[in-house]
*Asks:* 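Please see the structure below; I have some questions.
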Amino acid sequence: MAAPAATGTTEAVPARRSRRLPVRVPDALVVAGYLALALLLTVGQWGRPGRLFHQAGDQILFEWMLARTARAVSGLENPLYSTDLNAPDGVNLMANTSVLGLGVPLTPVTLLFGSQAAFLVAVVCCLAGTATAWYVLLRRRLVDSRAAAAVGGLFCGFAPGMIAQAGAHLHMAAQFLVPAILALVFHPDPRRVRRHGTLLGLLVAYQVFLGEEVLVFLVLAAGTFALAYAAADRGAARRLAPALLGRLGVGVAVSLPLLAYPLWFQFFGPGHYRGMPFHAYGYQLDAASFAASARQTVLGDDHLPGLLAPNPTEENSFFGPGLLVLAVVIVIWLWHRPLVRALAVCGLFFALLSLGGQVRLDGTPTGIPGPYRLVAELPLLDHAVPARFPLVCIPVLGVLLALSLDRLRPDSATGAGGVPVRLLWGGAVAAALLPLTPTPIRTVPAWPVPAFVAEGGWRAHVSPGRTLVAVPPVTGAGVSPAMFWSARTGLAFPVPGGYFIGPRAADDPAARWGAPDRPTAALLRRVAETGEVPTVTDEHRRQAVEDLRHWRAAVVVQGGLRHGDPVRRTVDALLGPGREVAGAHVWDVRPLVG
């Protein structure tokens, strides 16, 4: 997400490159290769509804968001809010990662093939689309060699951090607009300020609906790069500044009216919250992670990355020792170029920020204060997860690789050496990148949606205004059966609870995971986790009825669970005997709640 297009000088952006390049067969083959790789990485789930990517709760969240967007588009409903989740109170979707920018264009896929297919198509588009966007920018702006651009785009789209995010966080993997935004911000042509600024404003507005966190990182990275480039080439900075500021001004004027209501809804609408439900300080990377191998690479394993990253989805560095050495060599080799100096500053700055408030090395705190302490309380950065800052380093390294390979072209006026040198450097790049070759995103088994739910048996019980309560009711962070069933059935019924971020209470906007726990939800979740059946009292039964009334429940349904029998016996003790119906245990609670 750094700003490699911010040159505007003849050394980095020759005038002849300003013309639109025609799409040729080799370009199409490069894009086809990116698509094929993205499909290969998701092969573990295509046609397998009983599998989810390893961070199952996050996939369920995004499947639900895609299904909800399709419902909003087809039914002309408000896409920013829904009572289909956390019924009856609802969820502020704009304040959560609703990825409307993916959900809207994928609506036909979701409606025709379901939420799982839509999620997988989104993952493929995010990975291949990001790689393609960087390839196009590199070819049109920075390098003449198609091979160099292809390698740079490949790394930008399929680096370990991108694979880690793609399996769980669509809002972080959807970076295909980043190169286009940077190309407009740092356009070398000082003319057409209004045109470029208008396009910039439209793309920024769209990026908000893909992922605001990526946009925040993009703004920070572009600002860091611009300052570093200005220090490296003051003359160019003075020439380019007026047009750049003009484009930014037009962009702001275009994007603000488009975003005014959605952002108001996010920060002040129903279900808004303040802060985050976790401490960002806890999500930092170990300094040793930069030279290690991520889990989902050919040399990766499950043990070491678990010590160096907060969780499998945040393995955003893990570049390996070979690539780090190569990056240092490239920076020294091309140091005379202001572009390279600015990239080096930007990449190093964000790598250091990822180390958090106190630097850790091989899992051990060093006592050395991390630079993140200096910015942790600043607006926007106070909500940023430090472990995600190395996502900025990915395009920095991708551009450096492309620049170095482009220098080896035989027809390059500044080419370095002959055939032996080209072979040596090409071999060094291959040796650094091959260990980072991604492996298919790992999957885990998921309990299937019970036939009672999937085939509509619930319809005889759930009337309008009533809900289906899945056992156990998940009201916080975690794998929510109700949310999973809702997504896979196209939001056919409203459900209480769910996995989202909301306020602690109606009069307390402090952020928390999910809805405030109801006693019955907490009780059943403990049984599901431990397998221990509690002694159920009359007070438990009274509370269960009260909670079911709060949820406006019509039917309680238990599907497959690891501790299914203890949970079933507990619910029987609370509500009376249920019955087996089409692969589920069902309790009709309408007589209890009235």
Side-chain angles (χ1 to χ4, degrees), residues 34-70 99 102-103 106-129 157-158 160 162-170 173-174 294-298 300 302 311-313 315 437-457 470 474 478-492 495 498-499 557-562 564 582-584:
Y34 293 155
L35 281 170
L37 179 56
L39 287 168
L40 176 63
L41 295 177
T42 57
V43 70
Q45 245 192 98
W46 287 103
R48 304 176 72 186
R51 307 293 296 186
L52 295 170
F53 287 144
H54 56 92
Q55 203 78 354
D58 287 321
Q59 176 172 341
I60 291 171
L61 166 68
F62 284 103
E63 281 198 38
W64 193 92
M65 292 296 182
L66 293 171
R68 168 57 196 168
T69 302
V99 288
L102 291 171
L106 286 175
T107 290
V109 177
T110 309
L111 295 177
L112 290 173
F113 304 106
S115 62
Q116 184 185 30
F119 178 80
L120 293 175
V121 170
V123 172
V124 169
C125 290
C126 287
L127 292 173
F158 296 93
M162 289 294 293
I163 305 302
Q165 295 293 335
H169 301 148
L170 290 182
R295 295 169 212 252
Q296 295 183 164
T297 58
V298 292
D302 286 337
N311 60 56
T313 66
E315 293 173 16
T437 301
T439 55
I441 302 174
R442 294 173 299 134
T443 63
V444 295
W447 291 103
V449 180
F452 174 78
V453 175
E455 296 174 5
V474 174
V479 176
S480 170
M483 203 169 180
F484 183 50
W485 300 350
S486 176
R488 290 291 170 93
T489 58
L491 276 65
V495 296
Y499 177 28
V557 182
Q558 178 185 329
L561 293 173
R562 185 163 63 95

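Count residues from 1 along the sequence. Since the model is a prediction, treat every value here as computed from it, not as a measurement.
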*Asks:* Side chain to side chain contact (heavy atoms under 4.5 Å, CB included) for T443 and H54? Distances and angles first, verdict last.
*Replies:* CA-CA 5 Å; T443 63; H54 56 92; over 6 Å; no
*Asks:* Measure across P312 and A164 and return the closest heavy-atom pair with its distance rounded to 0.1 Å.
*Replies:*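 The answer is O-CB, 3.6 Å.
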*Asks:* Side-chain contact test, heavy atoms from C-beta onward, threshold under 4.5 Å: evaluate it for R488 versus P49 and give yes or no.
*Replies:*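 Result yes, sub-4.5 Å side-chain heavy-atom pair found.
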*Asks:* Less than 3.5 Å apart, any donor N or O on the side chain of W64 or S486 sitting next to an acceptor on the other?
*Replies:*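 Per modelled atom types, W64 and S486 side chains form a pair under 3.5 Å.
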*Asks:* Hey, does the side chain of Q165 reach the backbone of P160 with a donor-acceptor pair shorter than 3.5 angstrom?
*Replies:*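 Answer holds: no.
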*Asks:* Rounded to the nearest 0.5 Å, what separates atom CZ in R295 from atom CZ in R442?
*Replies:*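 Separation between the atoms: 6.0 Å.
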*Asks:* In sequence, state the C-alpha distance, the side-chain angles, and the governing distance for F53 and V444, and then conclude on side chain to side chain contact (heavy atoms under 4.5 Å, CB included).
*Replies:* CA-CA 6 Å; F53 287 144; V444 295; over 6 Å; no
*Asks:* Given side chains that start at C-beta, do those of F158 and T437 come closer than 4.5 Å, heavy atoms only?
*Replies:*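 With C-beta onward as the side chain, the pair stays apart.
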*Asks:* Drop me the distance from L102's CG to T110's OG1, to the nearest 0.5 angstrom.
*Replies:*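 Answer rounded to 0.5 Å: 10.0 Å.
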*Asks:* Evaluate the side-chain proximity of T489 to V453: yes if any heavy-atom separation is below 4.5 Å, no if none is.
*Replies:*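 In short, these two side chains touch, coming nearer than 4.5 Å.
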*Asks:* Looking at every non-hydrogen atom in both residues, tell me the closest pair between A168 and T313 and how far apart they are.
*Replies:*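 In this case the closest contact between A168 and T313 is CB-CG2, 3.5 Å.
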*Asks:* Step by step, would you call E315 with Q296 a side chain to side chain contact (heavy atoms under 4.5 Å, CB included)?
*Replies:* CA-CA 9 Å; E315 293 173 16; Q296 295 183 164; over 6 Å; no
*Asks:* Side chains of Q55 and Q59: any donor to acceptor distance under 3.5 Å?
*Replies:*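 There is no such pair between these side chains.
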*Asks:* For side chain to side chain contact (heavy atoms under 4.5 Å, CB included), just list the numbers for Y499 and V474, CA-CA rounded to whole Å, side-chain angles, deciding distance to a tenth of an Å, and then say yes or no.
*Replies:* CA-CA 7 Å; Y499 177 28; V474 174; 5.5 Å; no
*Asks:* Is there a donor in the side chain of T42 and an acceptor in the side chain of W46, or the other way round, less than 3.5 Å apart?
*Replies:*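 T42 vs W46: donor-acceptor pair found between side chains.
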*Asks:* Got a second to check how far E63's CD is from L170's CG, nearest 0.5 Å?
*Replies:*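 Interatomic distance, E63 CD to L170 CG, rounded to 0.5 Å: 9.5 Å.
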*Asks:* Considering all heavy atoms of both residues, which atom of A487 and which atom of S115 are nearest to each other, and what is their separation?
*Replies:*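 Closest heavy-atom pair between A487 and S115: O-OG, 3.3 Å.
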*Asks:* Hey, what do you get for CG (L41) to OG1 (T439), rounding to the nearest 0.5 Å?
*Replies:*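 It comes to 7.5 Å.
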*Asks:* Which pair of heavy atoms, one from P438 and one from I163, lies closest together, and at what distance?
*Replies:*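 The pair with the smallest heavy-atom distance is CB-CG1, 3.9 Å.
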*Asks:* So how far is it from L491 CG to R68 CZ, rounded to the nearest 0.5 Å?
*Replies:*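 Result: 7.0 Å between the selected atoms.
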*Asks:* Which atom names give the shortest non-hydrogen contact between V479 and A56, and what distance separates them?
*Replies:*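 So the two residues come closest at CG2-CB, 4.3 Å.
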*Asks:* Shortest non-hydrogen contact from C126 to A173?
*Replies:*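 In this case the closest contact between C126 and A173 is CB-O, 3.5 Å.
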*Asks:* For a 4.5 angstrom cut-off between non-hydrogen side-chain atoms, does L66 reach F119?
*Replies:*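 The answer is yes, as the side chains (C-beta and beyond) meet within the 4.5 Å cut-off.
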*Asks:* Measure the spacing between CG of L39 and CG of L127 and express it to the nearest 0.5 Å.
*Replies:*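 Spacing of CG (L39) from CG (L127) equals 10.0 Å.
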